[in-house]
Amino acid sequence: MKKKIVFASDNAHKIEEVKKMLGSQYEVLSLKDIGCTEEIPETANTLQGNALLKALYVKNKFALDCFADDTGLEIKSLNNAPGVYSARYAGPERDAAANRLKVLSELKNLDDRSAAFKTVIILLIGDEQHVFEGLINGQISLQQSGEGGFGYDPIFIPQGHQQTFAQLEAHTKNKISHRALAVEKLKHFLESQSK
């Protein structure tokens, strides 16, 4: 019998990635799967705060154990922007292509292209709250490359690689990414609870 757990997200790409990472013993339900169609406000000024807002919304409204994440791209030369505003960097439309173009434009005349991708996951299970983080360092590329992934993947080159996340095979990205590192910690925790 698969364990059911809600991932407080409506991002199809992200849900698919997380389902693959958590493996076959979990049935990961999306917001759509539980009938949550409203947009959950992300008004906190930290990644952890936004993840908590989303998880609490599901827990309080649907009384289900769940987890939520928030991810930010932090670019050193831009004072760690876009950070918590990564999804809406170019405007409230959450246009990933526009966000990437804005980053490339702002870095045009800057030499330091170092960056980090960070994911924070909040798990609400029973009456407990748990936090899991994943961080990967890298560089912002000079131009967009690759067809895979989503968001900033076509412009982020993870440390130790020559290609962007969007150019890497999905199974490679799903082992090394910021989200993969955070989900791995979540998975270990859930497995330890079921023993």
Side-chain angles (χ1 to χ4, degrees), residues 1-44 46-73 82 84-100 117-134 147-154 165-166 170-171 173-175 177-191 193-194:
M1 177 89 173
K2 282 188 180 182
K3 296 183 191 76
K4 291 187 179 184
I5 190 158
V6 178
F7 180 19
S9 177
D10 57 6
N11 181 319
H13 294 293
K14 204 190 277 191
I15 293 162
E16 198 52 43
E17 259 188 18
V18 169
K19 278 183 179 180
K20 283 180 185 160
M21 290 178 213
L22 276 181
S24 57
Q25 69 232 48
Y26 296 97
E27 184 183 348
V28 179
L29 303 174
S30 68
L31 291 174
K32 188 177 170 185
D33 293 333
I34 63 169
C36 180
T37 54
E38 55 271 33
E39 189 168 332
I40 302 171
E42 296 179 46
T43 52
T46 64
L47 299 175
Q48 186 168 330
N50 278 337
L52 182 59
L53 284 174
K54 291 185 272 190
L56 282 172
Y57 186 92
V58 170
K59 187 78 169 169
N60 293 337
K61 186 161 184 186
F62 296 90
L64 296 167
D65 288 344
C66 64
F67 65 95
D69 80 324
D70 200 22
T71 294
L73 175 64
V84 73
Y85 306 107
S86 292
R88 297 175 177 83
Y89 195 46
E93 306 80 25
R94 297 166 70 151
D95 183 330
N99 290 336
R100 292 191 298 269
F117 245 139
K118 183 178 182 182
T119 291
V120 178
I121 293 175
I122 299 281
L123 170 69
L124 299 180
I125 193 161
D127 294 329
E128 297 178 7
Q129 175 183 319
H130 301 275
V131 183
F132 309 95
E133 289 188 10
E147 300 297 317
F150 58 97
Y152 291 96
D153 288 356
F165 268 156
H171 69 271
K173 181 193 171 192
N174 288 348
K175 281 185 189 151
S177 78
H178 46 293
R179 186 169 294 107
L181 297 171
V183 171
E184 191 62 26
K185 292 174 185 175
L186 169 67
K187 183 179 177 181
H188 284 307
F189 176 81
L190 291 172
E191 286 170 351
Q193 297 298 292
S194 60

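Sequential numbering from 1 along the given sequence is applied to the chain's residues. These numbers come from the heavy atoms of this one structure, side chains and all, not from hydrogens, waters or symmetry mates. Nothing here was measured: the structure is a model prediction, and the numbers come from that model.
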A.B. asks: Side-chain contact test, heavy atoms from C-beta onward, threshold under 4.5 Å: evaluate it for Phe7 versus Lys19 and give yes or no.
C.D. replies: no
A.B. asks: Filter on ring-ring contact (aromatic ring centres under 6.0 Å, His included), then keep only pairs touching residues 20-39, sequence neighbours left out; what's left?
C.D. replies: none
A.B. asks: What residues form a salt bridge (charged side-chain N to carboxylate O under 4.0 Å, His left out) with Glu42, not counting sequence neighbours?
C.D. replies: Lys54
A.B. asks: Can you tell me if Arg100 uses its side chain to pair, donor with acceptor, with the backbone of Gly151 under 3.5 Å?
C.D. replies: yes
A.B. asks: By the salt bridge (charged side-chain N to carboxylate O under 4.0 Å, His left out) test, which pairs, at least two apart or in different chains, include something from residues 27-38?
C.D. replies: Glu38-Lys61
A.B. asks: Any chance you could measure Leu186, atom CG, to Ile125, atom CD1, to the nearest 0.5 Å?
C.D. replies: 8.5 Å
A.B. asks: Could you list all the salt bridge (charged side-chain N to carboxylate O under 4.0 Å, His left out) pairs where at least one residue sits in residues 89-98, not counting sequence neighbours?
C.D. replies: Glu39-Arg94
A.B. asks: Can you sort out the partners of Phe165 under ring pair (Phe, Tyr, Trp, His ring centres under 6.0 Å), two or more places apart, ordered by chain and number?
C.D. replies: Phe156, His178
A.B. asks: Could you report the tightest heavy-atom contact between Val58 and Val6, atom names first, then the distance?
C.D. replies: CG1-CG1, 4.0 Å
A.B. asks: Step by step, would you call Val120 with Thr46 a side-chain contact (heavy atoms from CB on, under 4.5 Å)?
C.D. replies: CA-CA 10 Å; Val120 178; Thr46 64; over 6 Å; no
A.B. asks: Kindly determine whether Ile5 and Lys3 satisfy side-chain contact (heavy atoms from CB on, under 4.5 Å), including the steps that lead there.
C.D. replies: CA-CA 7 Å; Ile5 190 158; Lys3 296 183 191 76; over 6 Å; no
A.B. asks: Can you measure from CD (Glu184) to NZ (Lys175) and round to the nearest 0.5 angstrom?
C.D. replies: 11.0 Å
A.B. asks: Any non-hydrogen side-chain atom of Lys59 less than 4.5 Å from a side-chain atom of Asp65?
C.D. replies: yes
A.B. asks: Any side-chain heavy atom of Phe132 sitting closer than 4.5 Å to one from Asp69?
C.D. replies: no
A.B. asks: Roughly how far, to the nearest 0.5 Å, is CZ of Phe62 from CD1 of Ile34?
C.D. replies: 4.5 Å
A.B. asks: Within a radius of less than 6.0 Å around NZ of Lys14, do more than 12 heavy atoms belonging to other residues, nucleotides or ligands occur?
C.D. replies: yes
A.B. asks: Find the distance between CG (Leu181) and CZ (Phe117) and round it off to the nearest 0.5 Å.
C.D. replies: 12.5 Å
A.B. asks: Identify the heavy atoms of Ala44 and Gly49 that sit nearest to each other, and give their distance.
C.D. replies: CB-C, 3.4 Å
A.B. asks: Start with the C-alpha gap between Asn11 and Phe150, add the side-chain angles, then the distance that decides, and say whether side-chain contact (heavy atoms from CB on, under 4.5 Å) holds.
C.D. replies: CA-CA 10 Å; Asn11 181 319; Phe150 58 97; 4.0 Å; yes
A.B. asks: So do Leu190 and Leu123 actually touch side chain to side chain, heavy atoms under 4.5 Å?
C.D. replies: yes
A.B. asks: Give a yes or no on whether the backbone of Ala87 and the side-chain of Asn99 come within a donor-acceptor separation of less than 3.5 Å.
C.D. replies: yes
A.B. asks: Check Ile122 against Leu52 and note the closest heavy-atom contact, atom names and distance.
C.D. replies: CG1-N, 3.7 Å
A.B. asks: Roughly how far apart are Leu56 CG and Gln129 CD, rounded to 0.5 Å?
C.D. replies: 7.0 Å
A.B. asks: If I compare all heavy atoms of Ala55 with all of Cys66, which pair ends up nearest, and what's the gap?
C.D. replies: O-SG, 3.3 Å
A.B. asks: To the nearest 0.5 angstrom, please state how far the OG atom of Ser86 sits from the CG atom of Asp70.
C.D. replies: 8.0 Å
A.B. asks: Does Phe189 form a side-chain contact (heavy atoms from CB on, under 4.5 Å) with Phe67? I'd like the steps, not just the answer.
C.D. replies: CA-CA 12 Å; Phe189 176 81; Phe67 65 95; over 6 Å; no
A.B. asks: Could you pull out all residues at least two apart from Glu128 that satisfy side-chain hydrogen bond (donor to acceptor under 3.5 Å, both in side chains)?
C.D. replies: His130
A.B. asks: Give the minimum heavy-atom separation between Lys173 and Ala180, together with the two atoms involved.
C.D. replies: O-CB, 4.2 Å
A.B. asks: For the pair Asn50 (side chain) and Leu47 (backbone), establish whether a donor and an acceptor sit closer than 3.5 Å, ignoring hydrogens and angles.
C.D. replies: no
